[in-house]
Amino acid sequence: ANASMQNAAQRVRGWAKLLTPWQWACVSFAISLAILGIASIGVGAVARSALIVNKLPIKGFPGLCIACIVCGVLALVCCACLGPAAHFLRKHTVQETVVELVVSRNLLPLVPLVSLGLVVCLLVLAQFGVGIGAAVKQDDLLDNLDSLWTDCSNDTRSAIQSKFDCCGYVNATDRPTLPCPDRYDGGCSQPVDAEYRAVMGSVAGTGIVVSLIEGGGLVLMAVLAVVLPALQRYLEYEPLWGSRDEDDEDDDSAVNSDPTSSM
């Protein structure tokens, strides 16, 4: 049992020494940025390509979809820049903690990471703004759709009526485009409103949730950069289970209990 515990301790020490603390922090944050960036691009692209958004574009919402895509692309760019920034830091300093860098007044290696952190902060604010903007657009959605239905062309109305199997806006007598579908379930206001709210909700939820996760990840990266050096030093100089005093006591008791040691 003791041998297996020691082997496990050696494996953990090997994993901890595989990368420097800065690299562990950057790798973990880069993975989260990549996943969130891909999610933002996917949600923004699907929302922008939706039929209802193309046929009845509410003022400002297509721009929010494009902004969601741009934020996702910037997240991937920041993810790609984390590796070189961490390598530059490791290459130009021997200190392993923020405190050591500040005390030694060797702040130049921190410039790439700090600059990248500021860019990520701006990205978080932008994505949060996209989410809030998409959520606010839902407040006056019905009024906007009513006016858009009045101003849109007959081809647009016909395409929407065919997609949702509806006729007219409120009912078949309210600004329809004839001929109506063979089987229609009332007017188009309710299905169009539900579809638009689903698209807006996906953009709003993605923007808000992604911004919160990225902000939390940025804080976690900073914490890991401070905590991991102490953890690595503990793993290097202290055993994982028990203290050195307990190990010394166990060794002394084993020697005293050995009958050959008294001969």
Side-chain angles (χ1 to χ4, degrees), residues 35-77 119-215:
I35 295 174
L36 296 174
I38 293 173
S40 297
I41 294 173
V43 171
V46 171
R48 184 63 186 88
S49 62
L51 173 66
I52 195 65
V53 177
N54 290 323
K55 296 298 183 181
L56 298 175
I58 292 179
K59 183 178 180 180
F61 183 68
L64 290 175
C65 297
I66 296 175
C68 186
I69 297 174
V70 172
C71 288
V73 174
L74 290 177
L76 293 180
V77 172
V119 173
V120 173
C121 288
L122 296 176
L123 178 62
V124 169
L125 294 177
Q127 288 180 319
F128 190 77
V130 169
I132 295 298
V136 170
K137 288 290 182 183
Q138 300 183 49
D139 294 340
D140 53 355
L141 180 60
L142 288 176
D143 295 336
N144 289 328
L145 290 177
D146 186 86
S147 61
L148 287 172
W149 185 268
T150 301
D151 298 335
C152 67
S153 64
N154 289 330
D155 292 338
T156 298
R157 293 177 188 171
S158 179
I160 294 175
Q161 290 179 168
S162 300
K163 175 178 174 58
F164 296 104
D165 291 328
C166 56
C167 185
Y169 187 66
V170 177
N171 50 50
T173 61
D174 182 19
R175 294 162 288 175
T177 294
L178 300 176
C180 291
D182 295 335
R183 296 179 180 180
Y184 62 88
D185 301 325
C188 297
S189 60
Q190 291 185 356
V192 168
D193 178 73
E195 180 80 5
Y196 231 122
R197 289 187 184 277
V199 174
M200 285 183 170
S202 64
V203 175
T206 300
I208 295 174
V209 172
V210 166
S211 64
L212 294 177
I213 295 177
E214 285 179 351

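Throughout, numbering of the chain's residues begins at 1 and tracks the sequence.
- Between the side chain of Gln161 and the main chain of Thr177, a donor-acceptor pair closer than 3.5 Å is present.
- Within the 4.5 Å cutoff, side-chain heavy atoms of Leu76 are placed close to those of Ile41.
- Side-chain contact between Phe61 and Val203: present, with at least one pair of heavy atoms (C-beta onward) separated by less than 4.5 Å.
- Cys pair Cys188/Cys167: SG-SG separation is not below 2.5 Å.
- Side-chain contact between Phe164 and Ile52: present, with at least one pair of heavy atoms (C-beta onward) separated by less than 4.5 Å.
- Without hydrogens or angle criteria, Ser49 side chain to Ala45 main chain gives a donor-acceptor distance under 3.5 Å.
- Side-chain contact check for Gln127 versus Ile208: every heavy-atom pair is 4.5 Å or farther apart.
- Between the side chain of Lys137 and the backbone N or O of Arg197, no donor-acceptor pair lies under 3.5 Å.
- Across every non-hydrogen atom of Ser40 and Cys68, the tightest pair is O-SG, 3.4 Å.
- In this model, no donor atom of one side chain and acceptor atom of the other lie less than 3.5 Å apart for Ser153 and Asp155.
- More than 12 heavy atoms of other residues, nucleotides or ligands lie within 6.0 Å of CD in Gln138, so this atom counts as buried by the packing criterion.
- The CG atom of Leu142 sits 11.0 Å away from atom OG of Ser147, with the distance rounded to the nearest 0.5 Å.
- Note that CG of Asp146 and CG of Asp140 are 12.0 Å apart. Values are rounded to the nearest 0.5 Å.
- Taken from CG in Leu74 to CD1 in Ile69, the straight-line distance is 12.0 Å, to the nearest 0.5 Å.
- Closest heavy-atom contact between Gly131 and Ala204: O-CB, 3.4 Å.
- Minimum interatomic distance between Ala159 and Leu51 (heavy atoms only, all atoms of both residues): O-CD2, 4.5 Å.
- Distance check: Glu195 CD to Lys163 NZ gives 5.5 Å after rounding to the nearest 0.5 Å.
- You'll find the side chain of Leu145 stays beyond 4.5 Å of the side chain of Trp149, heavy atoms only.
- A donor-acceptor distance shorter than 3.5 angstrom exists from the side chain of Tyr196 to the backbone of Ile58, with no hydrogens or angles considered.
- Between Val170 and Ser189, the closest heavy-atom pair is CA-OG, 4.1 Å.
- Listed for the Arg183 side chain is no donor-acceptor partner under 3.5 Å among the backbone atoms of Asp165.
- Annotation: the span from Asn144 atom CG to Asp139 atom CG amounts to 10.5 Å, rounded to 0.5 Å.
- Of all the heavy atoms in Pro176 and Arg157, the pair that sits closest is O-NH1, 4.3 Å.
- To the nearest 0.5 angstrom, Ile213 atom CD1 is 5.0 Å from Leu36 atom CG.
- The nearest pair of heavy atoms linking Val43 to Ser202 is CG1-O, 3.7 Å.
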